[in-house]
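So the structure is just underneath, and the comments pick up after that.
All residue numbers refer to positions in the sequence shown, counting from 1. Everything quoted here is computed from the prediction, not taken from an experiment.
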Amino acid sequence: MAPRPLSPLALALGGAAALLGSALFLLWRAYRGRRGGGEAWWGAGRAGLPEWDEWEPEDEEDEEDEEDEEPALEELEELEELEQREVLVLGLDGAGKSTFLRVLSGKRPLQGHVPTWGFNSVRLPTRNFQVDLLEIGGSQNMRFYWREFVNEVDVLVFMVDSADRLRLPWARQELHRLLDRDPDLPVVVVANKQDLSEAMSLVELQQELGLQAVYRRREVFFLGTSIAPVGPRSEGRGTVHIWKLLLELLS
């Protein structure tokens with residue numbers, strides 16, 4: 001089922017939203033620049049760096065202790081001296097974007113689906129630079145903001161719910177719109193929720209997302225993973241895989 005065309009009123013509202021999105025982008029950069037350590041907009045503490053080879057999310061008790069700790073002045077000064085890399089995380093609502101940022105910053109996934117009505121942000125320091133990840137909500141009205149941000153980042157992560165067959169045409173449409181805006185931007189397409197029984201295979205998703213034609217024009221990385229698969233302390237495996245790829249692209 002193909003997506004329905006937007007009405008003239010929706011297009012007009014989209015233009016107004018684009019202007020607002022530009023203003024919000026400037027506010028986000030100013031907000032981020034004033035913060036020494038990264039703090040997600042959901043109130044998480046300063047993000048720690050996942051190890052390259054072995055890393056597991058922190059225990060809840062450790063998480064509470066870290067949230068009470070203030071970073072030392074020396075740590076803040078060191079972070080400010082590092083170069084910045086910016087990653088934009090997009091995808092339809094329910095694809096797993098917020099869970100990705102939470103797990104990457106050492107937080108446990110939230111129970112149930114909580115749509116992002118706005119933005120989430122987290123900062124991760126690495127050995128040579130610090131990475132700012134920005135998630136924008138994936139509902140239809142929030143997608144108007146996407147185009148205002150995609151030309152301002154170093155890497156785009158586009159997340160797809162592998163089990164959401166009904167809305168896959170919408171995901172394909174939005175992905176190709178983003179690809180057309182910047183032909184040189186590195187893009188990582190993540191087929192999330194591969195652990196679900198109803199999930200589409202990677203071969204099916206490649207075809208449904210039209211990635212074969214994209215491969216001939218530009219370099220796109222396609223990963224199948226499960227950000228938060230069912231099972232004790234298994235949340236971070238797929239996340240670390242994506243994180244390592246991002247580090248390679250940003251280096």
Side-chain angles (χ1 to χ4, degrees), residues 1-3 40 42 44 50 54-60 63 87-117 119-120 122 133-140 142-143 146 155-179 187-212 214-215 220-246:
M1 181 175 63
W42 52 69
E54 53 181 353
W55 166 76
E56 292 183 350
E58 303 166 355
D59 294 332
E60 292 182 356
E63 179 179 319
V87 177
L88 185 60
V89 182
L90 301 178
L92 301 187
D93 52 296
K97 304 182 299 298
S98 297
T99 300
F100 171 55
L101 262 66
R102 284 191 64 87
V103 175
L104 190 60
S105 61
K107 305 291 180 181
R108 292 187 179 278
L110 297 174
Q111 295 295 324
H113 173 47
V114 182
T116 299
W117 296 101
F119 305 83
N120 282 326
V122 69
L133 297 103
L134 173 67
E135 174 215 349
I136 305 178
S139 59
Q140 185 174 10
M142 288 302 300
R143 293 175 215 159
W146 289 5
V155 176
L156 168 65
V157 174
F158 190 88
M159 197 160 292
V160 178
D161 183 344
S162 301
D164 192 354
R165 298 171 181 264
L166 183 62
R167 297 196 299 167
L168 198 58
W170 275 268
R172 171 176 176 159
Q173 181 184 75
E174 297 295 348
L175 172 61
H176 283 262
R177 284 177 177 173
L178 294 169
L179 291 173
V187 178
V188 179
V189 180
V190 178
N192 191 23
K193 306 184 184 181
Q194 282 288 300
D195 58 310
L196 299 181
S197 59
E198 62 271 27
M200 300 178 66
S201 69
L202 296 184
V203 174
E204 289 178 292
L205 285 168
Q206 279 186 327
Q207 181 177 358
E208 293 297 325
L209 292 173
L211 294 181
Q212 292 90 342
V214 176
Y215 291 148
V220 175
F221 300 86
F222 183 55
L223 301 178
T225 187
S226 300
I227 301 297
V230 177
R233 301 191 66 78
S234 59
E235 296 93 340
R237 296 175 184 173
T239 305
V240 172
H241 190 191
I242 302 171
W243 173 248
K244 290 182 178 180
L245 174 59
L246 290 178

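- What you find for S162 and A191 is that their closest heavy atoms are OG-C, 3.4 Å.
- Side chain of N192 to main chain of A95: a donor-acceptor pair is present (N/O by atom type, distance under 3.5 Å, no hydrogens or angles).
- Closest approach of H241 to L223, counting heavy atoms only: CE1-CD2, 4.1 Å.
- In this structure, I227 and I242 have side chains that are in contact, with non-hydrogen atoms separated by less than 4.5 Å.
- Between atom CE of residue M159 and atom OG1 of residue T225 there is a gap of 8.5 Å, rounded to the nearest 0.5 Å.
- Considering only heavy atoms from C-beta on, F222 comes within 4.5 Å of L205 through its side chain.
- Looking at residues two or more places apart in sequence or on another chain, you find no side-chain hydrogen bond (donor to acceptor under 3.5 Å, both in side chains) involving R143.
- Contact record, W170 with L166: CZ3-O, 3.7 Å, taken as the closest heavy-atom pair.
- To the nearest 0.5 angstrom, L88 atom CG is 5.5 Å from L134 atom CG.
- Between the CG atom of L202 and the CD atom of Q194 there is a distance of 4.5 Å, given to the nearest 0.5 Å.
- Here the closest heavy-atom approach between residue L90 and residue K97 is recorded as C-CD, 3.3 Å.
- Each of L156, V157, L175 was evaluated against V189; a single residue qualifies, L175, per the side-chain contact (heavy atoms from CB on, under 4.5 Å) test.
- E204 pairs by the side-chain hydrogen bond (donor to acceptor under 3.5 Å, both in side chains) definition with S201, not counting sequence neighbours.
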Could you walk me through whether M200 and L168 satisfy the side chain to side chain contact (heavy atoms under 4.5 Å, CB included) test, starting with their C-alpha distance in whole Å, then the side-chain angles of each, then the deciding distance to 0.1 Å, before giving a yes or no? CA-CA 10 Å; M200 300 178 66; L168 198 58; 3.7 Å; yes
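- Separation of atoms CG (L246) and NZ (K244) is listed at 12.5 Å; rounding is to 0.5 Å.
- Using a 4.5 Å heavy-atom cutoff, the side chains of Q206 and Q212 are in contact.
- Distance check: L211 CG to F221 CZ gives 13.0 Å after rounding to the nearest 0.5 Å.
- For T239 (side chain) and V103 (main-chain N/O), no donor-acceptor pair under 3.5 Å exists by modelled atom type.
- The CZ atom of F100 lies 6.0 Å from the CG atom of L133; values are rounded to the nearest 0.5 Å.
- Residues H176 and V214 meet the side-chain proximity criterion, which asks for heavy atoms closer than 4.5 Å.
- Listed by first and then second residue, the salt bridge (Lys or Arg N to Asp or Glu O under 4.0 Å) pairs involving residues 155-171 are D93-R167, D161-K193, D164-R167 (not counting sequence neighbours).
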